[in-house]
Trainee: 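Here's a structure for you.
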Number of protein chains: 2
Amino acid sequence: MSRVRLTDEDARFVEKYRPDAYPRPAVTVDLAIFTVIDARLVTLLIKRKEAPYRGRWALPGGFVRVGSSRKDQGESLDDAASRELREETGLPLDPGYLEQVGAFGEPNRDPRMRVISVGYFALVRPALGALVQAGTDASHAEWVSVKDAQKRTLAFDHESILTTALARLRERLGSSSVAFALVGKTFTIPELRAVHEVIHNQVLDPGNFRRRFLRWLEDGVIEEAPGRRITPSKPASVYRFCKSC
Amino acid sequence: MSRVRLTDEDARFVEKYRPDAYPRPAVTVDLAIFTVIDARLVTLLIKRKEAPYRGRWALPGGFVRVGSSRKDQGESLDDAASRELREETGLPLDPGYLEQVGAFGEPNRDPRMRVISVGYFALVRPALGALVQAGTDASHAEWVSVKDAQKRTLAFDHESILTTALARLRERLGSSSVAFALVGKTFTIPELRAVHEVIHNQVLDPGNFRRRFLRWLEDGVIEEAPGRRITPSKPASVYRFCKSC
DNA sequence: ACAAAAGTGTTAATTTTACACCCATGC
DNA sequence: GCATGGGTGTAAAATTAACACTTTTGT
């Protein structure tokens, strides 16, 4: 983020400035965290333990930490989202993938007060996804298939955040960094195809998918990796994402 | 926006709720308002009359009006953007086109306090664009070619908002509603092509462009309109956007 | 008549799609 | 050997790109 140096006049003005002249909204981040489990696209939902909407399912999220002084203005939005992701999943760092999808700020979306939420979508590897359930109070957090999640009545306007995030995920799936965030550190082409099929909810031609994929190999985005898969038929070759072959 | 009815418990809780427990950020909307003038893509910049960054050029924008009570939570983000658009351009309603591009909330992007800005991009017709300059204090607001705007050092992080907005505009240009927002109420194919050329900064084949365009005609998105253009060569036929032929 | 730009036609190149077929492996 | 699914080949279809050519206007 590029920022510009202050003039002396600006600096003097800042010292005099009185905040709180106008009411301010609270600002939160809410996350649609996706992974693939048992060939279903799932998202992490939290059962709210407090009002409002107590007992209802909601996207994980929380308030953005805003410093109380000019010197300390708190954390960035991305940092807030990343922090919530870690806190709610209990997973170690590994950002996986995290992208903002926009601000959601209709009045009265929260009955307590004016709250503006910045929506994110996040991806975690399936292998890690399985750990989340175990690490948390089972009744508190749950992987729910996106289809089911959209049928439940979520708290606040989380339904619309989820829908927007899902659309964004589908848009981004063509990009390699997104595509590889939902498979293991090593993977086969059929594994990757299965993920695409689940997300787009349609079967894909194996041959054609393979050809699209092979461009990434030619471009050096991925490389062959050692390893095998146990299969009831011909085993596929294993690849890995290649950030610095 | 779908929202869910409160339970009685929720309602009771809301009554007790004490806001202001944590510091809150100020929230603004900032707009990249585009139009085409003299075959240049231009955006409206405001010369700041107050600190911080006094005298520097900035995107038009302002604080989101947040009500001070639970009953009145103020205006929506879209409404705030739409209001600023009207206030800064002095143009009558006619939304033209307005779309959110995301939240920009790095700490210290504003030296006074933590400010989170929601960026929008807006389109106004060229014919209207010319009026804006006249209606405002000339030294206050100015149409600046996007290329020049990106060379000037804009206030805050407006450079990054502008860049993001421009990218979004280019993405959306294929959609009819966006494409037609930058030409007159009636227009010719060459006029429309000129707009595309300016925005994508490349010359387009007239024949091929025409064919792409004609699909919209077949789909009934547009229709022929009466009228002519004064030209030094063969005049093109005139069309109009057709919301309910 | 001439220049200029609209509009039409045609063809090659590229990408997408569909589907046949061979191959390696576990059982 | 046989079923299963990985991997390869190929050809039709659709889209894109390049460019020649005809038409209509103002001068």
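Quick note: numbers below take in every heavy atom, side chains included, and nothing from hydrogens, waters or symmetry partners.
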Trainee: More than 12 foreign heavy atoms under 6.0 Å from CG of Asp38(B): is that the case here?
Mentor: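 Count not over threshold, so no.
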Trainee: For Arg229(A), report the nucleic acid contact type (base, sugar-phosphate, nothing); a contact means any heavy atom under 4.0 Å.
Mentor: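 Answer is nothing: Arg229(A) stays at 4.0 Å or more from every strand.
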Trainee: Is any side-chain nitrogen or oxygen of Arg210(A) closer than 4.0 Å to OP1 or OP2 of dG6(D)?
Mentor: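 No, outside the criterion.
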Trainee: Quick check on contacts: within residues 177-194 of chain A, what sits under 4.0 Å from DNA chain D by heavy-atom distance?
Mentor: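 Contacts with DNA chain D under 4.0 Å: Pro190(A), Arg193(A).
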Trainee: Without decimals, in angstroms, what is the distance between Glu224(A) CD and dG7(D) C1'?
Mentor: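 Going from CD in Glu224(A) over to C1' in dG7(D) covers 13 Å.
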Trainee: Identify, between Ala236(A) and Arg211(A), the residue whose nearest nucleotide on DNA chain D lies closer to the 5' end.
Mentor: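 Looking at DNA chain D, the more 5' nearest nucleotide goes with Ala236(A).
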Trainee: Compute the centroid of each ring, for Phe156(B) and then for Phe104(B), and state whether the two points are separated by less than 6.0 Å.
Mentor: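 Aromatic pair excluded; centres sit 6.0 Å or further apart.
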Trainee: Please tabulate, for the side chains in residues 195-206 of chain A, all donor-acceptor contacts under 3.5 angstrom to protein atoms that are two or more places apart in sequence or on a different chain.
Mentor:
from      : atom 1 : to        : atom 2 : distance (Å)
Glu197(A) : OE2    : Leu204(A) : N      : 2.9
Asp205(A) : OD1    : Gly207(A) : N      : 2.9
Asp205(A) : OD1    : Asn208(A) : N      : 2.8

Trainee: Might you work through the side chain to side chain donor-acceptor pair (under 3.5 Å) test for Arg86(A) and Ser82(A), ending with a clear yes or no?
Mentor: CA-CA 6 Å; Arg86(A) 282 198 308 278; Ser82(A) 172; 3.2 Å; yes
Trainee: Does dG6(D) have OP1 or OP2 sitting under 4.0 Å from an N or O in the side chain of Arg228(A)?
Mentor: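 Arg228(A) to dG6(D) OP1/OP2: no side-chain N or O under 4.0 Å.
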Trainee: Please confirm whether Phe121(B) and Tyr97(B) have ring centers closer than 6.0 angstrom.
Mentor: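 Under 6.0 Å, so yes.
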Trainee: When rounded to the nearest 0.5 angstrom, what distance separates CG in Leu217(B) from CD1 in Ile189(B)?
Mentor: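 One gets 7.5 Å once the value is rounded to the nearest 0.5 Å.
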Trainee: How many whole angstroms separate atom NE2 of His200(B) from atom C1' of dA17(D)?
Mentor: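 One finds 16 Å between C1' of dA17(D) and NE2 of His200(B), rounded.
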Trainee: Using side-chain heavy atoms (C-beta onward) and a distance below 4.5 Å, is Leu31(A) in contact with Leu98(A)?
Mentor: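 They are in contact (side-chain heavy atoms under 4.5 Å apart), so the answer is yes.
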Trainee: Return the 5'-most residue of the pair Arg212(B), Gly207(B) with respect to DNA chain D, ranking by each residue's nearest nucleotide.
Mentor: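 Closer to the 5' end of DNA chain D: Arg212(B).
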Trainee: With nearest nucleotide decided by heavy atoms, which residue, Lys234(A) or Asn208(A), maps closer to the 5′ end of DNA chain C?
Mentor: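 Looking at DNA chain C, the more 5' nearest nucleotide goes with Asn208(A).
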Trainee: With respect to the phosphate group of dG7(D), does any side-chain polar atom (N or O) of Ser237(A) fall under 4.0 Å of OP1 or OP2?
Mentor: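 So the side-chain polar atoms of Ser237(A) do come within 4.0 Å of the phosphate oxygens OP1 or OP2 of dG7(D), strictly under.
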Trainee: Just the rounded figure in Å: distance from C1' of dT15(D) to CG of Asp205(B).
Mentor: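 Value for this atom pair: 15 Å.
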Trainee: Find out whether Lys185(A) and Arg125(A) are in side-chain contact, i.e. whether some heavy atom of one side chain is under 4.5 Å from a heavy atom of the other.
Mentor: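 Yes, side chains in contact.
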Trainee: Using the heavy-atom set of chain A and a strict 4.0 Å cut-off, write down the first and last nucleotide of DNA chain C that makes it in, 5' to 3'.
Mentor: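 The protein-touched segment is dT16(C) to dG26(C).
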Trainee: Have a look at Arg240(B) and tell me which of Glu224(B), Glu223(B), Glu191(B) forms a salt bridge (charged side-chain N to carboxylate O under 4.0 Å, His left out) with it.
Mentor: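 Going through the options one by one, the only one that passes is Glu223(B).
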Trainee: Leu204(B) has an atom CG; how far is it from atom C1' of dT16(D), in whole Å?
Mentor: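 Distance check: Leu204(B) CG to dT16(D) C1' gives 13 Å.
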